[in-house]
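Remarks on the structure that follows.
When a ligand or atom number is given, it counts from 1 through the structure's own listing order.
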Amino acid sequence: MSSTPDLFSLPDDDAQQRRAQELRRLLQYHAHRYYVLDAPEIPDAEYDRLFRELQAIEAAHPDWVTPDSPTQRVGGKALEQFASVRHAVPMLSIRTETDTESSGALNFDARVRKELGLTESDPPVEYVAELKFDGLAMNLRYVDGVLVQAATRGDGESGEDVTQNIRTISQIPLRLPAHAPPVLEVRGEVYMRRDDFETLNETQRQRIAAGAKGEKTFVNPRNAAAGAVRQLDPAIAAQRPLSFFAYGVGELTPSEQGGPAWSTHFELLRTLKDWGFPVAQQMRVLRGANELGAYHQEIAATRDQLPYDIDGVVYKVNELALQRQLGFVTREPRWAVAHKFPAQEQLTTVQAIEVQVGRTGKLTPVAKLAPVFVGGVTVTNATLHNELEARRKDVRVGDTVIVRRAGDVIPEVVGVLPEKRIPGAQPFTMPTHCPVCGSAALREEGEADHRCSGGLFCSAQRKQSILHFAQRRAVEVEGLGDKLVDQLVDSGVVNTLPDLYRLGFVHLASMERMAEKSAKNILDALEKSKETTLPRFLFGLGIRHVGESTAKALARHFGQLDRIMQASEEQLSQVADVGPVVAHSIRTFFDQPHNVEVVEQLRACGVHWPEGEPSEVALQPLAGKTFVITGTLPTLSRDQAKDLLEAAGAKVAGSVSKKTHYVVAGSEAGSKLDKALELGVQVLDEAALRQLLDAG
Ligand code: IVH
């Protein structure tokens, strides 16, 4: 099914009419996939785009509008299995402002002011701004204070009775306080938190792996929430963690005393909150367009820190009397608007799957994408991490995929649209040999990653090692980028790190696209890089598991490179944050003669740093020893004991294991003491502890 208009055809009436029909068919199809089958194929943003395209055509030709056009109703039809519920008060949709700048807020405020006949000299209109939750709308009907029915929005006129499933949401009160009105419908959004979604998908993956039939993973929290709400078996629904936020009311019969006497939307929400409904704390009373725009910006900047997905904010006129005065246009209130954020998911196609070789030989499949603007940037690559992950997602060349980019997170392929797959597309397989050097690609038992076994024979690994060494956070060779490194390595001029410092002007100037001036700059940068620090140098060597902070800790602890190179695994393990795996990796690195050679040659070329004395920690008597404190000591508080131990270089842990060296026990020591005795760990009382501390 093609979803893009043919840009080259003349926009004559015939063609437009055909396009409108095509759009109705597409929208109907996707609405069914989304609402009825809970299996959407396209991201919401794509659906919205098709919807708006149809709206635009129909707006230009109102006589073409058909009664069954998706623009004439709000959602999909009720599932046959659930009883249909006619809403006492229709569940409306809200107009959407899609421009992502603050003009969305300006437009809305201007329309409201115009409708209310306000002039510039009138004071600003008061609004309530709320989050636009990305879940599904729900109507909760309370009669005499008891939850009697929960219904989905459906087409806005009637929805589905999902009471059984909604009752399982513990955040939703089953009973209201005694003074609640005789009939009250609370409206809000049922959604799934992101962490709950991850857990659910993990469980689903395990079920699938265990051979369970008919199970699937979900593409996003909204899809998972919709699936849970429409789950026919309430026992299964109960295992799917749903949450709820209230944002309004439907039918309301006032009590005999005439209450509740809300005059603003804010009061209404506050009362709902008092009655036990979750109301998002970001809800705020604001005045005028500028405050709305600022709210939009503020929430957009922090949306990724929320534990759930939102796709925009909603502004509502606060005074209920003004809301009544403003009324509705067709199915949308004039007093509310949804102001969206840029979409975080988009569709694109996979043009190729490349396998990249990292500094440590790790082979990473990367999907090369047709450029797509998503989450505020143009994305052309998405990592598929490793073979398992690529297989799990079953991404193939030519596939149409959903790409997601949220915040600063690396873009990822969320899923594939299987119905758009080109016949004959082959599943991805990891090459058996390194695509760069041809050495065998191996995967170690229990590891997810394949690695090129070529080591420094592999030019890709060499290039990456050089780039790693030259990066700003390591020794920093300004101007030494990947293009130049490619040329230097490919031409055989540079093979090892010390070769960099043997480069002459002639070498550099002979490289393609290298002006004399740039060659000179690189030489200057190399010269400058010779003066560095021990942590930068250590980090730059690219020892596996030695990141910047570990390099700093090692430098602080040992003071001098030679001490590190000679340290045993046990001595290395005494450094804070260095565990056995890291210690082993460092030892293995310096056990390789060619690595020692590289270090020596770099020093011979003039790379240097100030060396220091080993830090006191290394000289501390209890360095490398792990203690657990339990019970009440006669004179020392636990914190005091901990401070004394740490000052002597010991680690203080919370639980006893085979790795614990001593347990310090006071009175009323419980299970930790038992454990110590069971494992044969030496137990000390306060006096023995003091002796040990003094002995150092
Ligand atoms: S108010 C008459 N407030 O957005 C106004 N809707 O088309 C009715 N939504 O599907 C809606 N967050 O489920 C409102 N704070 C919020 C909302 C919200 C999400 C959803 C709602 C509906 C759609 C509006």
Self-check item: Salt-bridge criterion met for R270 and E267 (N-O under 4.0 Å)
Solution: no

Quiz prompt | Qualifying residues under salt bridge (Lys or Arg N to Asp or Glu O under 4.0 Å), relative to E345, sequence neighbours excluded | solution = R404

Quiz item: Would you say the side-chain atoms of R141 pair up with the backbone N or O of V148, donor to acceptor, closer than 3.5 Å?
Solution: no

Practice problem: Verify whether the ring centers belonging to F197 and Y308 lie closer than 6.0 Å. | Solution: no

Practice problem: Verify whether the ring centers belonging to Y191 and F244 lie closer than 6.0 Å. | Solution: no

Distances under 3.5 Å, N/O of ligand 1 against N/O of the protein: list each pair and its distance.
{"unit_1": "ligand 1", "atom_1": "3 (N)", "unit_2": "K316", "atom_2": "NZ", "d": "3.0"}
{"unit_1": "ligand 1", "atom_1": "4 (O)", "unit_2": "K132", "atom_2": "NZ", "d": "3.2"}
{"unit_1": "ligand 1", "atom_1": "7 (O)", "unit_2": "I94", "atom_2": "N", "d": "3.0"}
{"unit_1": "ligand 1", "atom_1": "12 (N)", "unit_2": "F133", "atom_2": "N", "d": "3.1"}
{"unit_1": "ligand 1", "atom_1": "13 (O)", "unit_2": "E189", "atom_2": "OE1", "d": "2.4"}
{"unit_1": "ligand 1", "atom_1": "13 (O)", "unit_2": "Y247", "atom_2": "OH", "d": "2.8"}
{"unit_1": "ligand 1", "atom_1": "15 (N)", "unit_2": "E130", "atom_2": "OE1", "d": "2.8"}
{"unit_1": "ligand 1", "atom_1": "15 (N)", "unit_2": "L131", "atom_2": "O", "d": "2.9"}

Quiz item: Of D304, D309, D311, which meets side-chain hydrogen bond (donor to acceptor under 3.5 Å, both in side chains) against Q344?
Solution: D304

